[in-house]
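Atoms considered below: every heavy atom in the structure, side chains included; atoms not considered: hydrogens, waters and symmetry mates. As the structure is a computational prediction, the values presented were derived from the model and not from experiment. Letters A, B, ... are given to chains in the order of the sequence lines, protein chains preceding strands, and every chain is numbered from 1.
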2 protein chains.
Amino acid sequence: MSAALNGTGRLSPEVREKARETARRMGYRPNATARQLRAGRARLIGYVVGELADTPWTFLESPYFARLTGATAATALARGYAVVLLPAGSLQSEWAALPLDAVVVADPVADDRIVEDLLAARIPVFSDRSVEGRPGAHWVDVDAAAAVGQALDHFHAQGARRPVLVVPDSSTRFHREVTQAHRAWCAAHGVPERTVRAAEPGNGPVIRAVETALTSGPDRPDALLLVAEASPPLVLDAARRHGYAVPGDLLLVCVSEDETALHTEPPVTTLSLRPDAVAEAGIAHLVAVLERGLRETGGALVPVRLDVRASSVRPGP
Amino acid sequence: MSAALNGTGRLSPEVREKARETARRMGYRPNATARQLRAGRARLIGYVVGELADTPWTFLESPYFARLTGATAATALARGYAVVLLPAGSLQSEWAALPLDAVVVADPVADDRIVEDLLAARIPVFSDRSVEGRPGAHWVDVDAAAAVGQALDHFHAQGARRPVLVVPDSSTRFHREVTQAHRAWCAAHGVPERTVRAAEPGNGPVIRAVETALTSGPDRPDALLLVAEASPPLVLDAARRHGYAVPGDLLLVCVSEDETALHTEPPVTTLSLRPDAVAEAGIAHLVAVLERGLRETGGALVPVRLDVRASSVRPGP
DNA sequence: TTGAAAGCGCTAACAC
DNA sequence: GTGTTAGCGCTTTCAA
């Protein structure tokens with residue numbers, strides 16, 4: 001029976017087909033749980049977003065995490081793993097009853113206990129570089145330094161000399177790296193370092209931070225790099241409200257996966273963190289570890305992509 | 001052992017606590033799969049969005065489905081069920097290996113096979129009213145007719161007499177009901193029925209449909225009800241591009257969960273389909289069916305909520 | 001109170 | 001090519 005349904009035994013294809021067909025029409029379905037018990041793993045992986053731990057489910061409303069989540073689920077399913085959604089900052093009790101082969105922890109915050117809890121429970125963790133070196137933890141990361149460098153180089157090439165960075169006040173590794181890379185770039189290019197932090201995520205606070213960036217400081221900035229998730233059309237509106245023409249007075253680059261950036265006037269240059277590529281690299285790594293017993297290797301660093309559009313190209317004379 | 005860890009046997013609380021503690025420090029973790037096998041169910045439910053079957057994972061990028069997904073996962077987890085993400089239009093092979101106690105199918109499209117496949121596999125289905133009457137299928141639905149009625153009544157009360165509806169060309173039950181309710185309302189109020197269909201989802205096509213609605217037809221409309229997911233700031237921009245002042249020339253209501261509606265100038269009136277309430281009602285129903293063997297009851301009809309903001313309030317004289 | 005055993009449904013191994 | 005069996009790790013039941 002078992003031999004017929006799976007490809008295990010050495011049966012003639014004909015016999016197998018007949019058995020399969022018969023089984024199917026009799027409404028037979030193998031019990032998934034029993035198979036999992038036998039197999040010793042459930043092909044189930046957990047997925048948590050560490051950021052926004054105080055509003056555990058809002059991550060799906062961010063275009064970046066929406067894409068990352070979808071791509072993770074898609075890639076995993078293609079490899080035979082199903083993804084279960086877990087809330088940010090989730091407790092033992094919420095996942096202890098699940099037969100998780102591994103857990104993906106996207107952008108853990110500095111004080112998040114979940115990674116430790118999972119490792120203590122001997123569940124492999126796949127996260128960003130902040131878990132580097134912990135036994136049982138593996139990483140894939142976005143090249144934050146390259147991202148900042150690419151955007152600032154682009155501004156510089158377009159003639160901007162007073163760029164300002166807006167970044168959330170978050171303790172994820174990504175945001176810390178962005179800040180550091182910005183500092184390094186400014187030092188290397190002899191440009192004053194101007195940074196404004198958004199107190200919280202969400203369009204309201206981020207737009208307010210943008211307004212602060214555009215109105216405070218010794219002189220008016222001529223370029224804005226926005227590394228916080230905000231709606232591109234709202235950012236453009238904010239710039240206009242404060243008397244900036246984009247791209248005439250202000251070059252604008254948003255780190256965003258929001259496709260509305262394509263439909264504004266002018267269209268907004270975006271820096272894509274490539275959630276699909278991150279997900280693919282992560283799941284590929286996960287499969288390698290789980291199925292081929294791969295040991296701690298250096299993880300993968302996924303490059304970003306700058307999609308230059310009119311908002312960051314200085315108009316010709 | 002078992003008796004100690006769970007509350008089953010009649011052990012003294014003291015003994016139980018000691019056993020628990022000992023087990024924990026020895027690093028013992030009960031095998032979740034074995035428990036599930038024993039229990040006869042996995043407390044795992046599938047979640048599929050039927051709409052957008054050709055782009056299986058994009059549903060998370062829609063604010064409505066992002067909220068619905070998050071709320072479903074949250075509510076389910078609070079009741080002890082974990083949610084696994086399945087792609088739209090998914091095949092047997094993708095979920096056959098999962099021990100699903102039930103599957104939530106959000107907004108199935110007319111020709112979607114998944115509901116039939118699940119029922120054939122004797123997996124309970126929770127969906128919208130389009131599955132009404134099928135054995136093993138249960139429903140919870142949004143009150144589409146009330147939604148349309150509320151919005152059109154609001155327009156009428158504000159003095160608008162030439163409202164136009166923009167709706168996607170989709171075969172979900174919700175969109176069919178919206179069209180019917182619109183027709184009925186127009187007939188009842190002696191208002192000509194004006195409808196424009198968006199060929200596809202996504203900001204591009206929907207904005208084009210809005211532009212068609214604003215520029216074609218015998219006369220310029222004085223109110224726009226947008227039932228397709230689009231970014232509110234982009235909709236406002238489109239109206240302005242075509243010479244409409246909002247709300248002076250055109251009243252605007254968007255069916256949307258997008259919080260950018262709060263941050264535009266003027267803020268946009270939205271009609272919320274209450275994804276959180278839908279998710280809660282759905283999971284409550286699911287738990288009742290799965291755990292208390294509830295038979296086919298009429299499902300629940302969740303009311304919508306109109307959040308009136310400046311975009312749909314005719315300015316005073 | 002403590003211990004042993006049956007059995008959930010499957011698959012891999014071994015005997016026929 | 002077909003049939004039987006052991007055992008995955010747990011919980012429940014029955015026996016000591």
If you compare every side-chain N and O of Arg35(A) against the phosphate oxygens of dT11(C) (OP1, OP2), does one of them come in below 4.0 Å?
yes

Length of the line joining Asn31(B):CG and dC8(D):P, which is rounded to integer Å:
11 Å

From C-beta outward on Arg38(B), which listed nucleotide comes closest to its side chain: dG9(D), dC10(C), dT11(D)?
dT11(D)

To the nearest angstrom, the CD-P distance between Gln36(B) and dC10(C) comes to 15 Å

Atom CZ of Arg29(B) and atom C1' of dG9(D) are separated, to the nearest Å, by 15 Å

Are the charged groups of Arg129(B) and Asp141(B) less than 4.0 angstrom apart, N to O?
yes

Is there a side-chain polar atom (N or O) of Tyr28(A) under 4.0 Å from OP1 or OP2 of dC10(C)?
yes

Note: Asp101(B)-Arg43(B) ion pair, threshold 4.0 Å (strictly below):
no

Ring geometry between His138(A) and Phe126(A) (parallel below 30°, tilted from 30 to 60°, perpendicular above 60°)
parallel

